[in-house]
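Structure record follows, encoded as structure tokens.
First listed ligand is number 1; within each ligand, the first listed atom is number 1. Keep in mind that the numbers below use all heavy atoms, side chains included, and drop hydrogens, waters and symmetry copies. In this text the structure is predicted, and so the values were computed from the model without any measurement.
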Amino acid sequence: LVIVHDAIGVNMIDTYVRKGLYPVDLPSGLGGEAAGIITAVGGDVAALEPGMRVAYVTPPPFDAYSEARVVDARWVVPLPAELDSATAAAVLLKGLTSWFLLHRSYRVAVGDWLLIYAAAGGVGSLLVQWAVQLGARVIGVVGSESKREIAAAHGCHHVLLASDDVVGRVRALTDGAGVAAVYDSVGRDTFMASLDCLAPHGVMVSYGNASGPVEPVAPLELMRRGSLFLTRPSLYDFINDRGLLETGARELFAMVLAGTLRVDINQRFALKDAADAHRALESRQTTGATVLEP
Ligand code: NDP
């Protein structure tokens, strides 16, 4: 399919690709999600036609930071008429990530205590809102005072600063029990503290590297803290099946259209200023989602 882009989603992953943390074949573009209009269809592509408004998330090769590109139809989903392209580009990758984290990496149950890092960020904002709707009690962690209110507005029951004694505060808030799962996107700086926040049999979902990749860890560390589970998931392993992608997207779009999942596009940059978008994301200046406008 040829898709002419209306809006392009910016994700922390794009910075990992740019820096070489996630190696790709060079030369390469950047960017793994966008929304726009199909202008040409090649080969045997059912259900997608020129003129349709669509969005996509792709694994490598990355090339979404562009005015138009060719995309394999397997990653493309049609957009409901009521969903504008900027919102779709802001929410597809981050929302599908929230969906698999809450339903697959750990299945959240009513009353669970959860610890969620970067709770005012792109994925974090959606993850918190969705977790609260599933009946979880959420402790959010943010990097600055100004992000506290944002995380609280998303529904966090408690918001901690990254500079707080996170382990001590989490133990106190959970009457010593610890949390059922930690969603840790910060990586290197927070990994061991996250393990210390878990209740016995708790699930450590290490899903990002905002502060750098996590160092190797001995399985005995999981035993010592109460037979913990550790998972290090990637979105692409949860959407490479067409049925799963469609289920996740349907559920996500329904929540966005019903207003139960609020999508805040707090930064917009022209496509030519993509470097500024990366600088803002990497220096922890952004909240919610960031999009590029071609
Ligand atoms: P965010 O909008 O959440 O931005 C990253 C945030 O991480 C910052 O705002 C900051 O929040 C926090 N952070 C903590 N330490 C650092 C640091 N040293 N440098 C930079 N940021 C730091 O980004 P995204 O929503 O795009 O992504 C969130 C996370 O989710 C990323 O780690 C990403 O890799 C991961 N992800 C993983 C996927 C997967 O399939 N496994 C899929 C999609 C995203 P604060 O200041 O509040 O601490």
Ignoring angles and geometry beyond distance, decide whether Val123 reaches within less than 3.5 Å of ligand 1 through its nitrogen or oxygen atoms.
yes
Has ligand 1 got any nitrogen or oxygen that is less than 3.5 angstrom from a nitrogen or oxygen of Gly122?
yes
Which ligand 1 atoms, with their elements, are less than 4.0 angstrom from a heavy-atom of [X]?
X: Asn209; result: 32 (O)
X: Leu235; result: 39 (C), 40 (O)
X: Gly121; result: 2 (O), 3 (O)
X: Glu282; result: 19 (N), 20 (C)
X: Val142; result: 47 (O)
X: Lys147; result: 9 (O), 11 (O), 45 (P), 46 (O), 47 (O)
X: Ile13; result: 42 (C), 43 (C)

Is there side-chain contact between [X] and [Y], with at least one heavy-atom pair below 4.5 Å?
X: Arg232; Y: Met204; result: no
X: Val77; Y: Tyr56; result: no
X: Arg169; Y: His158; result: no
X: Val110; Y: Leu134; result: no
X: Val57; Y: Leu235; result: yes

If hydrogens are left out, which of [options] has an atom nearest to [atom], that is, the closest non-hydrogen atom?
atom: atom 4 (O) of ligand 1; options: Leu96, Leu101, Leu281; result: Leu281
atom: atom 8 (C) of ligand 1; options: Gln267, Arg284, Glu33; result: Arg284
atom: atom 38 (C) of ligand 1; options: Tyr22, Tyr207, Tyr236; result: Tyr207
atom: atom 12 (C) of ligand 1; options: Ser105, Ala118, Gly9, Ser125; result: Ala118
atom: atom 19 (N) of ligand 1; options: Ser283, Ala210, Ser211; result: Ala210

Run the side-chain hydrogen bond (donor to acceptor under 3.5 Å, both in side chains) check on Tyr22 and Asn209 step by step: do they pass?
CA-CA 11 Å; Tyr22 293 174; Asn209 329 279; 2.8 Å; yes
Electrostatic pair Asp196-Arg225, nearest N-O below 4.0 angstrom
yes
Is Glu282 salt-bridged to Lys19, going by a charged N under 4.0 Å from an acidic O?
yes
Specify the protein heavy atom at minimum distance from [atom]: its residue, its atom name, and the distance to 0.1 Å.
atom: atom 47 (O) of ligand 1; value: Gly143 N, 2.8 Å
atom: atom 34 (O) of ligand 1; value: Tyr16 OH, 2.7 Å
atom: atom 29 (C) of ligand 1; value: Ser185 CB, 3.5 Å
atom: atom 42 (C) of ligand 1; value: Thr97 OG1, 3.3 Å
atom: atom 24 (P) of ligand 1; value: Met12 CB, 3.9 Å

For [X], state whether at least one heavy atom is located under 4.0 Å from any atom of ligand 1.
X: Pro233; value: yes
X: Arg232; value: yes
X: Leu93; value: yes
X: Ala120; value: no

Is there a donor in the side chain of [X] and an acceptor in the side chain of [Y], or the other way round, less than 3.5 Å apart?
X: Asp63; Y: Ser66; result: no
X: Ser85; Y: Arg53; result: yes
X: His278; Y: Arg18; result: yes
X: Tyr16; Y: Asn11; result: no
X: Ser206; Y: Asp184; result: no

Could you see which bit of Val186 sits under 4.0 Å from ligand 1, with heavy atoms only: side chain, backbone, both or neither?
side chain
side-chain hydrogen bond (donor to acceptor under 3.5 Å, both in side chains) between Ser125 and His154: does it pass, once the steps are laid out?
CA-CA 6 Å; Ser125 295; His154 291 319; 3.1 Å; yes
